[in-house]
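Below you'll find the structure I mean.
Here the structure is a predicted model, which means the values were calculated and not measured.
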2 protein chains.
Amino acid sequence: MTDTKTKILDIAERLIQTRGFNGFSYIDLANEIGIKTASIHYYFKTKDDLAAALVERIHKAHAEGFSNIQASTSSPRKRLQAVIAFFQQYAADGKFCLCGMMAAELRSVSSHVSSLLNKYFKDFQTWLARQFKDAGASDAQRQALSFLSALEGSLLLARLRGDPKIVHEALKSFCKA
Amino acid sequence: MTDTKTKILDIAERLIQTRGFNGFSYIDLANEIGIKTASIHYYFKTKDDLAAALVERIHKAHAEGFSNIQASTSSPRKRLQAVIAFFQQYAADGKFCLCGMMAAELRSVSSHVSSLLNKYFKDFQTWLARQFKDAGASDAQRQALSFLSALEGSLLLARLRGDPKIVHEALKSFCKA
DNA sequence: GTCTATAGGTGGATAGAC
DNA sequence: GTCTATCCACCTATAGAC
């Protein structure tokens with residue numbers, strides 16, 4: 001049996017990825033878990049605290065995921081392919097990137113959360129840059145920025161069009177060059 | 001003196017680009033204009049009607065803008081540069097793309113608005129593909145998709161980091177090849 | 001930890017007067 | 001066209017009992 005705090009995080013993560021931070025409420029969480037909203041406040045005093053916990057949790061999870069890819073996959077191009085496949089699943093599930101969503105709704109979160117989002121994307125870009133550098137690119141940082149941008153943008157378009165393959169299509173060129 | 005309906009559209013456009021569709025209310029519009037919320041409902045019966053009008057208006061405006069660039073700018077690469085400069089101004093103003101924002105908040109709008117968003121991006125991609133084709137690319141449609149994705153994603157990152165130049169940086173490679 | 005109860009605010013939307 | 005008045009639903013958050 002999963003504990004309540006984890007349940008809250010799991011459901012909130014899914015709801016933000018599908019509906020956005022301003023598109024769900026504590027009542028949605030409470031109803032799905034079968035508790036009352038007051039109990040959610042016991043774990044996360046404010047909605048912004050919940051947002052911060054979610055960004056930190058997904059930052060950690062993705063960092064571990066990237067680390068695993070680094071260890072298990074031989075070539076930099078194949079590592080990038082693995083990342084694409086992972087995020088394409090978001091689109092297939094009707095989800096957007098959690099941090100991308102919050103970056104869109106930036107004005108609705110505190111500067112603390114905004115700072116956590118910045119850290120998430122900075123680490124993501126650094127990992128990507130390492131792949132491009134290992135592949136022999138001279139402008140690894142810029143390529144990493146382009147890849148990251150195209151990933152976020154293609155997730156938006158893929159969900160809008162109901163076609164997850166768009167993510168792979170938009171990022172294809174980065175794995176060939 | 002601008003008429004009320006145009007004022008509503010102008011202010012709503014800015015608020016959606018900065019705060020998102022779920023991040024502003026009829027009271028925000030009414031306060032800025034100096035009227036009451038009931039008067040907003042006279043022009044736009046529901047918030048979704050307002051959303052639809054905004055997507056259609058910006059679709060038309062951007063189509064005309066692209067048409068002007070097509071007529072006034074000689075090379076396809078320079079035309080893409082002009083588009084980048086236009087959207088980079090959004091980031092400089094702390095704004096995201098209106099249609100990108102609504103694509104993120106997709107679950108909060110009707111299927112009618114969702115359909116209008118699809119049309120907007122389809123036309124955008126078609127115009128971009130024409131530029132890549134004119135520049136001699138064999139995979140113009142795919143390049144257009146990559147460009148569009150990177151544009152949307154870089155707008156998110158540029159605003160988050162408070163650095164508009166990121167848009168130009170992320171799209172640089174498309175204007176060089 | 002979870003509950004009841006409630007505060008206190010904001011949301012979109014409508015009816016009908018002017 | 002714009003207003004007043006109002007509805008009713010929803011939201012985040014808190015106090016205090018169990």
Side-chain angles (χ1 to χ4, degrees), chain A residues 1-55 98 101-102 104-114 116, chain B residues 1-55 98 101-102 104-114 116:
Chain A
M1 194 64 175
T2 320
D3 68 347
T4 306
K5 191 168 186 174
T6 305
K7 277 185 195 165
I8 295 169
L9 290 167
D10 288 344
I11 297 168
E13 181 175 310
R14 198 191 70 233
L15 291 177
I16 290 178
Q17 289 186 281
T18 49
R19 300 191 210 161
F21 184 67
N22 287 325
F24 83 102
S25 72
Y26 272 33
I27 293 175
D28 296 318
L29 300 173
N31 286 345
E32 275 206 54
I33 300 172
I35 55 176
K36 301 296 173 183
T37 61
S39 304
I40 315 275
H41 283 282
Y42 169 78
Y43 295 100
F44 303 99
K45 206 159 185 357
T46 69
K47 206 182 175 186
D48 199 73
D49 291 336
L50 174 56
L54 280 166
V55 175
L98 179 113
M101 185 69 87
M102 291 192 145
E105 297 177 291
L106 198 63
R107 289 273 133 75
S108 298
V109 298
S110 66
S111 60
H112 176 236
V113 171
S114 160
L116 293 174
Chain B
M1 193 63 176
T2 319
D3 68 346
T4 306
K5 190 168 186 174
T6 305
K7 277 185 195 164
I8 295 169
L9 290 168
D10 288 344
I11 297 167
E13 181 175 311
R14 197 190 73 234
L15 290 177
I16 290 177
Q17 289 186 281
T18 49
R19 299 192 211 161
F21 184 67
N22 288 324
F24 83 102
S25 72
Y26 272 34
I27 294 176
D28 296 319
L29 300 172
N31 286 346
E32 275 206 53
I33 300 172
I35 55 177
K36 300 296 171 182
T37 60
S39 304
I40 316 274
H41 282 282
Y42 169 78
Y43 295 100
F44 302 99
K45 205 160 188 354
T46 69
K47 205 181 175 187
D48 199 73
D49 291 337
L50 174 56
L54 280 166
V55 175
L98 178 112
M101 185 69 87
M102 290 191 151
E105 297 177 291
L106 198 62
R107 288 275 133 74
S108 298
V109 298
S110 65
S111 60
H112 176 236
V113 171
S114 160
L116 293 173

**Study point:** Thr2(A) side, atom OG1; Leu9(A) side, atom CG - distance, nearest 0.5 Å
**Key:** 11.5 Å

**Study point:** Selection residues 18-47 of chain A - residue pairs positive for salt bridge (Lys or Arg N to Asp or Glu O under 4.0 Å), sequence neighbours left out
**Key:** Arg14(A)-Glu32(A), Arg19(A)-Asp28(A)

Study note, to complete from the structure: Whether each nucleotide of nucleotides 4-18 of chain D has a protein heavy atom under 4.0 Å at its base (B), only at its sugar-phosphate (S) or at neither (-) is summarised, 5' to 3', as B------SSBB----

Exercise for review: Using a 3.5 Å limit on both pairing distances, list the dot-bracket string of DNA chain C from the 5' end; Watson-Crick and G-U wobble pairs count, crossing pairs take [ ], interstrand pairs take |.
Suggested key: ||||||||||||||||||

**Study point:** Interatomic distance where CD1 belongs to Ile33(A) and P belongs to dG1(C) [whole Å]
**Key:** 14 Å

Review point. Checking Glu105(A) side chain against Asn22(A) main chain: does a donor-acceptor pair fall under 3.5 Å?
Key: yes

Point to revise | Euclidean distance, atom OH of residue Tyr42(B) to atom P of dA15(C) [Å, nearest integer] | key: 16 Å

Check your understanding: Can a side chain N or O of Ser39(A) be found less than 4.0 Å away from OP1 or OP2 on dG1(C)?
Key -> no

Check your understanding: Taking the side chain from Tyr26(B) and the backbone from Ser39(B), do they hold a donor-acceptor pair closer than 3.5 Å?
Key -> no

Review point. Does a side-chain heavy-atom distance below 4.5 Å link Val109(B) with Val55(B)?
Key: no

Exercise for review: Mind checking the OG1-CG spacing from Thr37(A) to Asn31(A)? Nearest 0.5 Å is all I need.
Suggested key: 9.5 Å

Practice item. Rounded off to whole Å, could you give me the CD1-to-C1' distance for the Ile40(B) and dC3(D) pair? Key: 13 Å

Exercise for review: Measure the CD1-OH distance between Ile8(B) and Tyr42(B) for me, rounded to the nearest 0.5 Å.
Suggested key: 10.5 Å

Study note, to complete from the structure: When rounded to the nearest 0.5 Å, the distance separating OG1 of Thr18(B) from CD of Glu13(B) is 10.5 Å

